[in-house]
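One structure is given here, and the rest of the page talks about it.
Throughout, protein chains are lettered first and strands after them, A, B, ... in sequence-line order, and every chain is numbered starting at 1.
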There are 2 protein chains.
Amino acid sequence: MRKDPTGRALQLLSLLQTHRLWRSAELAERLEITERTVRRDVDRLRDLGYRVDATPGKHGGYRLATGAHLPPLVLDDGEAVALAVGLRYAAEAAIVGMEETSLRALTKIEQLLPHRLRRRVSTLHSNVASIRREADDDIIDPEALSVLAAACRDREEVRFDYRRHDGDNSRRLVEPHQLVTAGRRWYLVAWDQQRRDWRTFRLDRLREPQPAGGHFTSRQIPGGDAASFLAGSLGSIPRLYEAEIAVNAAFAELESALRWVDHTPIEMEADACRVQIRSEDLGRLAMTVARIALTAPVAVIEPAELADTVRRLAAHLTEP
Amino acid sequence: MRKDPTGRALQLLSLLQTHRLWRSAELAERLEITERTVRRDVDRLRDLGYRVDATPGKHGGYRLATGAHLPPLVLDDGEAVALAVGLRYAAEAAIVGMEETSLRALTKIEQLLPHRLRRRVSTLHSNVASIRREADDDIIDPEALSVLAAACRDREEVRFDYRRHDGDNSRRLVEPHQLVTAGRRWYLVAWDQQRRDWRTFRLDRLREPQPAGGHFTSRQIPGGDAASFLAGSLGSIPRLYEAEIAVNAAFAELESALRWVDHTPIEMEADACRVQIRSEDLGRLAMTVARIALTAPVAVIEPAELADTVRRLAAHLTEP
DNA sequence: CGCATTGCGGACAAGATCGGTCCTCGGTAG
DNA sequence: CTACCGAGGACCGATCTTGTCCGCAATGCG
């Protein structure tokens, strides 16, 4: 029946520590207790001096008031795994000097862990190998990360050299709003003062960012938040190719084929649809079309260039 | 007499947090309990993962190990960045519940850092967003990771259910040698006892690994180490389809198209070649053929199945 | 305004846990 | 060797915890 109220209190604190809004039911599930007991546990925390705000109503829930100073919390098993896995991933994160550094950090942190977890972490650490990727052209500087993150926080303008994909170099002055990771790449979403527009910058193409002194007031990022803005603009930055295709199948059936390309459905009918796909690489678009052709008839509406490429591809397949 | 074990535990924690030496009698007085109960409470904290050192004898007493003489956590700037970045990456590691978990771990560790670094880490933490991936079909269980890592370390056989890509389920008994990450995927390189051969298993297709009790002596992994063995076998594991194709171009020109498939050149002439390609997935082979067709005429020699698929693909491209 | 959602907290009973007492070990320092 | 101090087993009654069931209050939506 009862497990361990004390441990649960710590666990509850650790959950609330993320400062997100937790609904009673969520907490109950996590802690494997009833909602009633959640309320009791929260009460207990409050008695102990922690400010736990609760709001009733539709969007209600619990939230730890900021500034509460917490007891030292111990990592649980999952967190220990996250640590080991995370720092191992970091070693491959395309950041200069990261491999050695993150392993060093891991070793240091291991020292602080209770025995059981230390063993777990070090086991995980030493029994995992990884296949190196070969692309070494997109390495970024940890210092740059820090500078940009700090500038985002302080709403301070930054200046840096940026090399576009076509090799063009230019000096930029921007208002940095957010760093975003997408797979192994890092991007900065910022308002470009010279262009008077939003831009995303790949961190590996950016050199020596420096605080420029000026401060700015935060703007509304189009698309709601930086991540979706980036997602939307990823395919269109070089905006070399935007294609429209017609497929004799329901849009839903294309999910797997379109998973890795930037796409927008234009028309959706029961057994046919039109989709816009975008990429900086014509070959990639052609492969996407071919991928769709595996399962359904497809035609390229525009651009003519892509239609040509696809036609050539088909010809190569039929008349060797 | 107030009886509130939970509150007392937290109180005790905060007393011990001062890192001075507390004698049992002192604690008993502060907490208004017996010394016997102090011992019990200390035990409880230890069970929860806190390292409480106790020394007997004349100058004995209790003290919290973490940070007593060992300074809180001395990381340099780079290590701090690695920490933040790594745990952020872990969030994308395709491990169930990892996002929450790794961010929680990060917040906890932040508490241990000296001010300057804490600021740095938390800045990085809170100014980075990430684009969620959508593929949720390859999620693995952190518990499985730990079990397998431990089995590798202890050279202990493990048993698990494995689902092949074709949906076939089977129970395996293997000698686990190494975990390997490749991109977002995790693999286990192991000697399969029933098959009497090396196999690689995708962790997301493996269910409930359990130590099987038996121990084994480590074998030499073909290819030298697990990572290169995996790299070599990625394309050929199930080897369901072996196809032979003829291309009207020099073999060298196919390099990029063949990069990610298991292939063997059969005949190489100046402007034509025949290549064997292997994959578990017919669609994948078809896509490889299409990829080649981007640049050169290509024909499928066998199997007929692949020829059919490619013919259908071409038809879909030409007669929508 | 009514309705759904979400948090709040009282009452109660079963039973697990807790804590004081008593006692024996075992390691440390002088 | 001896005093001091932490470790921990056993026992037992007092206490605390928890699930269940309940009606109440605040919020937001249509």
*CG/Asp4(A) to CD/Gln11(A) distance, rounded to the nearest 0.5 angstrom?*
9.0 Å

*Is the number of heavy atoms from other residues, nucleotides or ligands under 6.0 Å of Arg23(A) CZ greater than 12?*
no

*asked:* Between the side chains of Arg44(B) and Asp41(B), is the shortest nitrogen-to-carboxylate-oxygen separation below 4.0 Å, so that they form an ion pair?
replied: yes

*Bend across the helix from dC1(C)-dG30(D) to dG30(C)-dC1(D), to 10°, with axes taken over 5 pairs at each end?*
60°

*Nearest-Å distance, CG (Asp41(B)) to P (dT17(C))?*
16 Å

_With heavy-atom distances below 4.5 Å as the criterion, would you say the side chains of Glu244(A) and Arg274(A) are in contact?_
yes

*Could you give the distance from CD (Glu26(B)) to CG (Leu21(B)), rounded to the nearest 0.5 Å?*
8.0 Å

*Of the nucleotides dT18(D), dG7(C), dA7(D), which has the atom closest to the Glu35(A) side chain?*
dG7(C)

*Want to settle it: does Lys58(A) or Arg44(A) sit nearer the 5' end of DNA chain D, counting the closest nucleotide to each?*
Arg44(A)

*asked:* Would you say CZ of Arg119(B) has more than 12 non-hydrogen atoms from neighbouring residues, nucleotides or ligands within 6.0 angstrom?
replied: no

*Is there a donor N/O on one and an acceptor N/O on the other, under 3.5 Å, for the side chain of Arg40(B) and the base of dG20(C)?*
yes

_Separation of atom OH in Tyr62(B) from atom P in dT28(C), rounded to whole Å_ = 15 Å

*Near DNA chain D, which residues from residues 22-34 of chain A have a heavy atom under 4.0 Å away?*
Ile33(A), Thr34(A)

*Using heavy atoms to find the nearest nucleotide of DNA chain D for Thr55(A) and Thr37(A) separately, return the residue whose nucleotide is more 5′.*
Thr37(A)

_Looking only at the side chain of Ala54(B) (C-beta and beyond, no hydrogens), which of the listed nucleotides dA7(D), dT27(D), dG19(C) gets closest?_
dA7(D)

*Could you say whether Pro56(A) or Pro56(B) is positioned toward the 5' end of DNA chain C, judged by the nucleotide with the nearest heavy atom to each?*
Pro56(A)

*Please check the phosphate of dC11(D) (OP1 and OP2 only) for any side-chain N or O of Arg36(B) closer than 4.0 Å.*
no

*In whole angstroms, how far is the P atom of dT18(D) from the CG atom of Leu12(A)?*
12 Å

*Spacing between Asp43(B) atom CG and dG19(C) atom P, to the nearest angstrom*: 13 Å

_For atom CG of Asp4(B) and atom P of dT17(D), their distance in whole Å_ = 6 Å

*Is Asp161(B) salt-bridged to Arg171(B), going by a charged N under 4.0 Å from an acidic O?*
yes

*At under 4.0 Å, does any side-chain N or O of His59(A) touch on OP1 or OP2 of dC29(D)?*
yes

*Give one of base, sugar-phosphate or nothing for Arg63(A), where a contact means two heavy atoms less than 4.0 Å apart.*
nothing

*Does any non-hydrogen side-chain atom of Pro176(B) lie less than 4.5 Å from one of Phe216(B)?*
yes

*Has Arg39(A) got a side-chain N or O lying under 4.0 Å from the OP1 or OP2 atom of dT17(D)?*
no

*State whether the number of non-hydrogen atoms from other residues, nucleotides or ligands found under 6.0 Å of Arg207(B) atom CZ is greater than 12.*
no

*Would you say dG19(C) has OP1 or OP2 under 4.0 Å from some side-chain N or O of Arg8(B)?*
yes

